[in-house]
Amino acid sequence: MKKKVLSVLKKHIDKDIVLEKPKDLNFGHFSTPISFSLAKEYRKSPILIANELSKTLQNESIFCGVDAIKGYINFTLSDDFLDEYTTWALKNETNFAKDDKNEKILLEYVSANPTGPLHIGHARGAVLGDTLYRIAKHLGYKITSEYYVNDAGSQIEMLGVSIFLNGQNNFLNIAVEWPKEYYKGDYINDLAFEAKEKFGIEIFKDKKNISKLSYWAKDKMLNLIKSNLKECGIEFDNFVSEKKLYDKWDEVFDKLKANQAVYEKDGKWWLDSEKYGDEKNRVIIRDDGRPTYLAGDIIYHNDKFEREYDKYINIWGADHHGYIARVKAAIKFLGYDENKLEVILSQMVSLLKGGEPYKMSKRAGNFILMSDVVNDIGSDALRFIFLTKKSDTHLEFDVDMFKANDSSNPIYYINYAHARVHQLFEKSGKSEKDIINTKLLNLESDEKNILFYSLLLPEILEDAFSQRALQKLTEYLKNLASFVHKFYNEHRVVGSEKEDIYLKIFATAALSIRTGLKLIGITAKNKM
RNA sequence: GUCCCAAUAGCUCAGCUGGAUAGAGCACUUGAUUCCUAAUCAAGAGGCCGCAGGUUCAAAUCCUGCUUGGGACACCA
C-alpha cells in the first residue's frame with residue numbers, strides 16, 4: 001500500500017519522500033513533511049510549498065483527499081483504491097501480507113547448554129527467535145533456524161559429576177563434598193534416580209562412570225529442552241553438535257595459523273583478537289591441550305560461513321555481549337565478512353507473581369522453569385508478553401495479568417475481537433464468499449479508518465522484521481482489536497442496510513488479526 | 001576502572017533513522033446493555049520525557065558531560 005502511494009508521489013516529486021503515519025487517522029492515511037526539507041532549497045515557506053504540491057496531487061485517483069495543513073501534506077485514500085485492495089486481500093488470504101525477499105539467512109538461537117531444563121530467560125530468546133523466523137519465512141526470506149548444542153566441555157562433565165555425587169549421597173549414603181558450581185535442583189535428583197534404575201546402583205561406586213553419566217544425561221536433557229520448546233510451538237531446522245564439529249578442528253586451526261591469527265605462548269595457543277578490536281587476546285587451546293569454548297565457536301562459525309548465507313543472525317543472552325568482539329575477530333581471521341553476522345541480545349527477564357519477585361539462576365535449584373510458566377499461563381500468553389517489549393530492555397511482568405478473562409489480558413482482548421467477527425458471520429448466515437464482491441462505496445471516515453488499518457499489516461511486518469522490533473506487531477494487533485470492538489459497539493451489523501459492507505470490513509480486520517497472530521505463534525479463536 | 005542496556009503518567013511499557021496537541025494497557029472516577037457475546041465501549045483525571053549543556057526552522061528522539069539502576073569484563077559455557 002505504501003509502495004503504491006510512494007510510486008504515485010514519485011511521478012510528481014523527484015526526491016526521497018518520507019511517508020509517515022499521521023498521529024491521528026482523521027488527518028489522513030499517510031502524510032509527509034517533505035515541504036519542510038524542500039523549504040531551504042526553494043527558499044519558500046513550507047506552508048506555501050505544501051499548498052502547491054497538494055494541488056498538483058489532487059487529481060490522482062488513488063486519493064480522495066490531499067490536504068496541506070501547517071506544512072504537512074496529508075493523503076486520504078479513495079474508496080475505489082481501498083475496495084480494490086480489500087477485495088484482492090480477501091481473495092488471496094494466504095498471499096496477503098506476503099513478500100518475496102530472497103536473502104538467505106541463518107538464524108541461531110536458544111543454544112542453551114543441555115545440562116538442564118530451559119528457564120524463563122531462555123524462553124525470551126526462544127520466542128523472539130521463533131517469531132523472527134516465522135515472519136521472515138512469511139516475507140519470503142530463505143531462513144534456516146539452528147540450535148548449537150554444547151555437548152562437549154566442562155559443563156557437560158559437571159552435569160555428570162552432579163548426578164554422580166547426588167547418587168552417592170542419596171543411594172550410598174556417602175557424605176560428599178560438592179564442588180562450587182555443581183547443578184542443583186529436582187531434575188538432578190530425578191536423573192540420579194533414573195540412572196540408578198537404568199544402570200544399577202553400582203554406577204555410583206566408581207568415578208570412572210562419570211563421563212558415561214554425562215553423555216547419557218546430556219541426551220536426556222536435550223530431549224527435555226526440545227519438549228520444552230515444542231510446548232511453545234518452537235521447532236528447529238537444525239541441531240549442530242559441538243562435539244562433532246571438532247572433527248574439523250585441525251583444518252580450521254591450520255587456516256588460522258596460515259592467516260597468522262594465532263600464536264603460541266606459555267604453552268597455550270592464543271587468538272590475536274586484539275588486532276580486530278577485541279580488548280584482549282584470547283586463549284583457544286589450554287596448556288593441557290584442551291580447547292576452550294571459543295575454539296568450538298570458531299569452528300562453528302567457520303562451518304556457518306562455509307554454508308554461504310547472506311546474513312547470520314545470532315540471538316544471545318545479554319550477558320554474552322562481551323563475546324561478540326572475539327567471535328567477529330575470529331570470523332575476520334578466517335577470511336569472511338564479519339559484518340554478515342548480526343547479534344541480537346536479549347535482556348534479562350524478571351517475573352512476578354502476585355507482586356513477588358523471583359530471582360533466577362541456572363545453577364542454583366531455584367530458577368523459574370519455562371515449562372512451569374507455560375503450564376501456568378499458557379504458551380500464547382508467554383509468547384505474547386515477550387513480544388510486547390523491545391528485546392534489549394529489561395522486562396518485568398506479573399503472570400497474574402495473563403490469567404484474567406477480560407480486556408486487561410491482551411491475548412483475550414485480541415481473540416475476542418476475532419471471535420466477534422466470526423460470530424457476526426454466523427448470525428448473518430453469510431460467508432466471506434457472499435460479501436467478497438460487495439462494492440465499498442461512499443465510506444464514512446470511521447469505516448475507512450478501520451479498513452485502512454486492517455490493510456496495514458504488510459507494512460507492519462516489514463517494519464517489525466527489518467528493525468527487529470517485534471513489539472510493533474503486537475502493538476498493531478492490540479490497536480486493530482480496539483478498532484474492531486469500537487466499530488462493533490457503534491454499528492449494528494446483522495440486519496442493517498449496510499450489513500454486507502460491514503461484513504466485508506470486519507472480514508478484512510479478522511484476516512489481519514488471524515495472520516498476525518499466526519506469525520507470533522498463536523491460533524486465533526473463533527469462539528470464546 | 002572499561003564496556004553494554006536502561007531512565008517517559010501511580011505501575012508495566014510504546015514512541016527514538018529529529019517533525020503536528022508526548023501515547024497504550026493496568027489502576028482510579030463517571031457514564032452506556034429492550035439490540036449481533038457489556039468478556040465490550042465512551043468520557044475524565046493523571047507528564048520539568050533522569051539532570052545540564054550543544055546542534056537545528058524543529059529535540060522525548062541526535063551529540064557531549066553528569067546522576068541513578070541492571071548487566072558484562074575467564075584458560076566457565
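Note that the coordinates shown come from a computational prediction; the quantities given were computed from them, not determined experimentally. Below, chain A is the first sequence line, B the second, and so on; all start at residue 1.
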Could you tell me how far B/G46 sits from B/G23 if I compare only their P atoms? Round to whole Å.
14 Å
Any donor-acceptor pair, under 3.5 Å, between the side chain of A/Asp406 and the base of B/A38, if you only look at N and O atoms?
no
Any base atoms under 4.0 Å from A/Asn74, or only sugar-phosphate, or nothing? Heavy atoms, all strands.
base
With sugar-phosphate meaning primed atoms plus P, OP1 and OP2, does A/His485 contact a base, only sugar-phosphate, or nothing at under 4.0 Å between heavy atoms?
sugar-phosphate
Any residue meeting side chain to side chain donor-acceptor pair (under 3.5 Å) with A/Lys332, in chain and number order, not counting sequence neighbours
none
Sequence neighbours left out, what pairs pass salt bridge (Lys or Arg N to Asp or Glu O under 4.0 Å) with at least one residue falling in residues 405-429 of chain A?
none
With rounding to the closest Å, how many angstrom separate the C1' atoms on B/G50 and B/A42?
35 Å
Shortest side-chain distance from A/Tyr413, nucleotide among B/C41, B/A20, B/A77:
B/C41
Which is more 5' along RNA chain B, the nucleotide nearest A/Gln471 or the one nearest A/Thr32? Just name the residue.
A/Gln471
Applying side-chain hydrogen bond (donor to acceptor under 3.5 Å, both in side chains) as the test, list every pair that has at least one member in residues 387-399 of chain A; sequence neighbours left out.
A/Gln347-A/His394
By side chain to side chain donor-acceptor pair (under 3.5 Å) - contacts of A/Asp288 (at least two apart):
A/Arg290
Is the closest side-chain donor-acceptor distance between A/Tyr263 and A/Asp272 under 3.5 Å?
no
Those residues that, when tested against A/Asp278, pass side chain to side chain donor-acceptor pair (under 3.5 Å) (two or more places apart):
A/Ser273, A/Arg282
Taking only the C1' atom of each, what is the distance from B/U30 to B/A52 in whole angstrom?
43 Å
Taking the P atom of each, how far is B/C48 from B/C16, in whole Å?
22 Å
Should the ring pair A/Phe253 and A/Trp269 be called parallel, tilted or perpendicular, given that the plane angle runs from 0 to 90° and is split at 30 and 60?
perpendicular
Separation of atom CD1 in A/Ile324 from atom C1' in B/A77, rounded to whole Å:
16 Å
Quick check on B/U40: is either OP1 or OP2 less than 4.0 Å from any side-chain nitrogen or oxygen of A/Lys486?
no
If you measure from the C1' atom in B/A14 to the same atom in B/U8, how many Å do you get, rounded?
10 Å
Any salt bridge between A/Arg326 and A/Asp297, counting N to O under 4.0 Å?
no
Parallel, tilted or perpendicular: which one describes the rings of A/Tyr323 and A/Tyr293, with boundaries at 30° and 60°?
tilted
Considering only heavy atoms, which members of residues 499-514 of chain A lie under 4.0 Å from some atom of RNA chain B?
none
Considering only heavy side-chain atoms of A/Asn489, the closest of B/A20, B/C41, B/C3 is B/C41
Just call it for A/Tyr488: base, sugar-phosphate, or nothing, with non-hydrogen atoms closer than 4.0 Å on any strand.
base
Would you mind listing every salt bridge (Lys or Arg N to Asp or Glu O under 4.0 Å) that reaches into residues 500-512 of chain A, with sequence neighbours excluded?
A/Asp83-A/Lys504, A/Lys430-A/Asp500
Would A/Lys184 pass as a cation-pi partner of A/Tyr182, given that its NZ or CZ must be under 6.0 Å from the six-membered ring centre and within 45 degrees of the axis?
yes
Students often get this wrong, so: under 4.0 angstrom with heavy atoms, is A/Glu426 touching a base, only sugar-phosphate, or nothing?
nothing
Pairwise C1' distance, B/C63 and B/U56 [rounded to whole Å]:
12 Å
What integer number of Å spans the C1' atoms of B/A59 and B/G18?
6 Å
May I have all residue pairs that pass salt bridge (Lys or Arg N to Asp or Glu O under 4.0 Å) and include part of residues 466-477 of chain A, sequence neighbours excluded?
A/Glu342-A/Arg468
Can you list every stem that RNA chain B is part of, counting only runs of 3 or more consecutive Watson-Crick or G-U wobble pairs with both distances under 3.5 Å?
B:1-7 with B:67-73, B:10-13 with B:23-26, B:28-32 with B:40-44, B:50-54 with B:62-66
Students often mix this up, so state it plainly: with edges at 30° and 60°, are the rings of A/Trp316 and A/His320 parallel, tilted or perpendicular?
tilted
May I ask you to say what A/His491 touches in the nucleic acid, namely base, sugar-phosphate or nothing, with a heavy-atom cut-off under 4.0 Å?
base
Which whole number of Å gives the distance between the C1' atom of B/C28 and that of B/C11?
12 Å
Can you name the side chain to side chain donor-acceptor pair (under 3.5 Å) partners of A/Asp303, sequence neighbours left out?
A/Lys248, A/Arg307
Got a list of protein N/O to nucleotides 7-13 of chain B N/O distances below 3.5 Å?
residue : atom : partner  : partner atom : Å
B/U12   : O3'  : A/Glu396 : O            : 3.3
B/C13   : OP1  : A/Glu396 : N            : 2.8
B/C13   : O2'  : A/Lys389 : NZ           : 3.4

Using atom names, set out every protein N or O paired with an N or O of nucleotides 23-28 of chain B below 3.5 Å, distance rounded to 0.1 Å.
residue : atom : partner  : partner atom : Å
B/C26   : OP1  : A/Ser407 : OG           : 3.1

Using only modelled atom types and a 3.5 angstrom limit, is any donor from either the side chain of A/Thr292 or the base of B/A77 paired with an acceptor on the other?
no
A/Phe27 ring centre to A/Lys21 NZ or CZ under 6.0 Å, with the angle to the axis within 45°?
no
Sugar-phosphate only, base, or nothing, as touched by A/Gln347 at under 4.0 Å among non-hydrogen atoms
sugar-phosphate
Please report, rounded to the nearest Å, how far the C1' atom of B/A14 is from the CD1 atom of A/Ile460.
13 Å
Using the rule for Phe, Tyr, His and the six-membered ring of Trp, do A/Phe36 and B/A58 stack at under 5.5 Å and under 30°?
no
For the pair made of CZ in A/Arg282 and P in B/A77, what is the distance, rounded to whole Å?
14 Å
Nearest nucleotide by nearest heavy atom, which residue falls closer to the 5' end of RNA chain B, A/Asp319 or A/Tyr323?
A/Asp319
Tell me, please, whether A/Tyr453 has A/Lys448 positioned over its six-membered ring: NZ or CZ under 6.0 Å from the ring centre and within 45 degrees of its axis?
no
